[in-house]
Amino acid sequence: MDAGSSSHDPYFLHVKFDQRWECHKDTIIRLYLDEKMSFVKLAETMKMQYRFDANVRQYKYHLKKWNATKNLKSSDKEKVITVLGKRARDGHETGIVRHSGMEVDKKRLRRHLQSSARQQPGLHLQGIVFGRWNLPHEALRTTLIQQLNPPSPFRVNVSTPSDVSVLSPPATTPQQGNAANVPTPTTTAIIHRTYVNRARYLVEGRLQDLFNDMTAAESRTTTNWLHHFWLFSFMSAKYWGKGPTQWSWELLNFMTLADITSSPNTPGCIGASPPHLAETAHAHTDRSSARTVIAPTPLCRWSIHYQTPNYERIPSPTRNIQDEFPRNAPDTWPAWQRGSVRESLADRLKEAIEQNSFSDIERESLPISTTQIVEAVARSPEELRVESIGFAIMAQNVEVLSDQDWNVISRDLDLSTLHPFHLAASYLSGGKTCCNVLTFLALNLGPTSSNSIKKLYINDLGYTVLDCLMLLILKGHTSCTIAVADSQVPRSQAFVGEEIDLCGRWDADSTCVIALHREGVARAPFCWKHVFCHTSVQAICHSINAIFRMPWSPDIDTPSGLFIKYCQNQSCKQKLSLLPLHTLVLVAFHLGNSGTEGETLFGMVACLLCLLMNGANPLERAEISLNSLLDIDEEGCSHIFMTPAELAKRVPYELLRTWSKEAQLGWNVFAETLQFAVNERRSSMQAEAPSASSSSFGLEDDTNPDGPRARFWWSESVKKKDKVGHDESCDHEYDCLVEGERRNFYGKSPELGKLWGMIQAELLTYRRVQEGDRWLSSNFNMHAVLQALSRHQDIDTLPMFTSSLTMPLCVCGKYMDAYDDLCPTVQEACAVYFSNMDDWSRSIFIEMPIS
């Protein structure tokens, strides 16, 4: 109550002195805060004008009691700054600001901002910062909208705290207009603070905070700028060593964006989704958006391994003129002259960030502190080097990786956040490098640290590297969303590496992909996909070999992180995890159920034989609920222990009969091969059991056919030849010897080894050259394979063997005369030349992964 409000006793002299404080409260607070009087001046004024005599100490006590202070607590200042920052982002001007009814001194806010800025440590890159921006704004929005909480990552309304109020400034006259539009020093300081905070969110990987702090327009600008840098980094890594020695925004735009239009008359694809299980029902919500995007060629490319000849290279002349690099023919670009570029890829990325040469978005228009980002990059040379390795892996450029000092990397550089093996598997390109990147990593990360691969084999999502290869099959050849394999992932989320095609038909810098992303579509449309073709199958199988060929490789029967379910019984809730062969069964099922027209499942039979050859145990059981895996309602606990073959047998026929005849035949061959492997292993165990204790190789005494980790070894006394010259003993000194003991993971069955050899010959000699061609050659007959397995006939009665097309095989399915028996060439596998892969325009010749 103001002293002047009472006409009878304006000074409240009739009130006791202790109670008179409340009567003068509003006047005291006004004089102290609004008129900014000191305590001494306040005491004098109250004594002279209001006849209220109190000392300074008493005024300090009561003002503190009333929470009337010129100095806000740091937390209250931050609260006010947040409100003012929101108003500044929304374009609102700011007048008087009050906190708990008290006017806030803006000069004190500025001093607080300056002080807190000095106290903040310098920013450093944390984890993978730039490698995650593979999508522009519109496409990223469709994948993030269900991943972040709250749902919309591009605008979150922050309510104003109840104890903070902001008044709009008074209206300006026309003469004052221009001056009024100039931000006040406080507003400028707050905006700078906001931009610095956003840079911190970015380099620390706090995407939720970053998006929540931005308007939709700011999110679009920032996301596109970061995507420009991703594209620059990817293309620099992809073409490192040939073509342009320096990529700029103008060159990037010319090579990738120049021809993109959105004409409604542009031919595109709609593509129908297979009407199968419910989990794929939402797989094609993006199809209507892709109507104006020209589809890539349906004909895949392929890579052919060869042994490096000894010859002296002649360097090509260096060319830097844009027009001399045909946009659609990068294979013709000349190699750089030796020594013409002295920088590393990491140096090039650092330089681009500093100069902003990768984007047409000016730094001044970015709603984030690029100065802080540049400084963070400069402070983080090791982290930037990890990022450059990541881009080299995504671009599948072994040459960039070869330039690294891997002895130092495996010893001193932390690659755990990169997960290099998972990244290489997710960006695998059978049409460009096949298994060479994975093999390179296995060779260079293994020898210097025996546990490196094992430590990097499982990522932070619980996926093994083998899981990533299985996801690759679903991504490239089915209509499934990633949520089919991992129920914890939103359906809208794209697979990792969606912008790369496994069989080489498109890449991240392909016009069709960039146009698709600009339409707001993150996933490759189903109509772009085709069957699990030979190029893809070879890349997957070679990659499996690359992971498990080393003495320090991880256990191939490591539990999978895919298709994890929990018992629906409330009193149970048990976690149900699969083993790799069980996961393979489910991937084969989804490939048949949600794959493209013409799917044969030949590729899944090949993957099965490859896993068996590398030691996957078909006798291992996992606790499984088939109803949960197929999204069938259940009551009570329905999970039981099953082998992979038992899981395949329990798939309901009502689902299988809707498939095409080719897919049904492929499923039968797959299931029969799996059961054949089970039978052969059990027979082998029973035959070996009596002599196990006398084995000179120290055979493990494990004769339980259902026991875990059962191991099977060859006896050196087995030295006989079969009728077509296949050696039934295993003489490979590197891959078929473990601690001095001979092994044969087919259970001493020459039939599965022969089938694997026949599959390798098929992969080496046949591709679909024109649309309408068969997906399998006439040398590989799935009906004949099924008949031989089901009737226990010799595989060598099949045409590929009776026609003497192949070279001698070891019983383990490896070609005896191959330089690298896990990656044979056509000449090493074929007795006569019968390959149709003579289209050099679609072939890429790559060196052997181990040479």
Side-chain angles (χ1 to χ4, degrees), residues 273-283 461-464 466-475 477-491 493 495 532 557-570 572-595 599 601 604 607-608 611 616 618-659 663-664 666-668 670-671 674-675 678:
S273 175
H276 298 313
L277 290 185
E279 58 256 43
T280 64
H282 302 286
L461 295 176
Y463 299 167
T464 66
L466 190 55
D467 289 337
C468 287
L469 295 175
M470 296 298 102
L471 289 175
L472 203 58
I473 298 173
L474 296 177
K475 174 187 75 175
H477 306 285
T478 74
S479 61
C480 295
T481 67
I482 192 173
V484 169
D486 188 347
S487 58
Q488 302 301 311
V489 176
R491 291 183 182 274
Q493 182 172 328
F495 288 91
F532 189 22
D557 284 323
T558 300
S560 171
L562 302 181
F563 301 106
I564 292 177
K565 299 292 182 180
Y566 293 85
C567 179
Q568 298 303 306
N569 191 322
Q570 294 298 321
C572 180
K573 291 292 184 181
Q574 181 172 336
K575 181 180 179 180
L576 307 175
S577 300
L578 305 183
L579 294 172
L581 287 180
H582 298 85
T583 297
L584 188 73
V585 172
L586 287 178
V587 172
F589 168 77
H590 286 295
L591 186 61
N593 192 70
S594 305
E599 180 58 59
L601 293 186
M604 299 312 299
C607 291
L608 171 60
L611 286 173
L619 301 180
E620 293 267 17
R621 296 178 181 271
E623 201 162 4
I624 295 171
S625 169
L626 186 60
N627 290 340
S628 294
L629 291 173
L630 299 180
D631 282 347
I632 300 174
D633 293 336
E634 60 180 351
E635 295 182 2
C637 296
S638 64
H639 47 91
I640 60 174
F641 283 97
M642 301 184 202
T643 65
E646 291 168 341
L647 173 61
K649 286 182 179 179
R650 289 175 179 267
V651 174
Y653 175 70
E654 290 74 16
L655 296 175
L656 301 177
R657 69 179 180 181
T658 64
W659 297 4
Q664 290 187 50
W667 176 261
N668 290 335
F670 177 84
L674 194 49
Q675 186 59 54
V678 169

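Quick note: residue numbers are just sequence positions, from 1.
When the side chain to side chain contact (heavy atoms under 4.5 Å, CB included) test is applied to Glu646, the partners found at least two apart in sequence or on another chain are Arg621, Met642, Thr643. Residues passing the side-chain hydrogen bond (donor to acceptor under 3.5 Å, both in side chains) test with Gln574 are Glu623, sequence neighbours excluded. A search for side-chain hydrogen bond (donor to acceptor under 3.5 Å, both in side chains) contacts involving His582 returns nothing, not counting sequence neighbours. Qualifying side-chain hydrogen bond (donor to acceptor under 3.5 Å, both in side chains) partners for Thr464, counting only residues two or more places apart in sequence or in other chains: Asp467. Here Asp486 pairs with Tyr463 under the side-chain hydrogen bond (donor to acceptor under 3.5 Å, both in side chains) rule; sequence neighbours left out. Annotation: side chain to side chain contact (heavy atoms under 4.5 Å, CB included) contacts of Ala485 (sequence neighbours excluded): Leu471, Leu474, Leu562, Phe563.
Between Met604 and Ile473, the closest side-chain pair of non-hydrogen atoms falls below 4.5 Å. Contact check for Leu466 versus Leu611: side-chain heavy atoms found under the 4.5 Å cut-off. Residues Leu584 and Leu581 have side chains in contact (heavy-atom distance under 4.5 Å, counting atoms from C-beta outward). You'll find the side chain of Trp659 reaches within 4.5 Å of the side chain of Leu601, heavy atoms only.
The aromatic rings of His477 and Phe532 are tilted relative to each other, their planes meeting at an angle between 30° and 60°.
When all heavy atoms of Trp667 and Ala648 are compared, the pair lying nearest together is CZ2-O, 3.6 Å.
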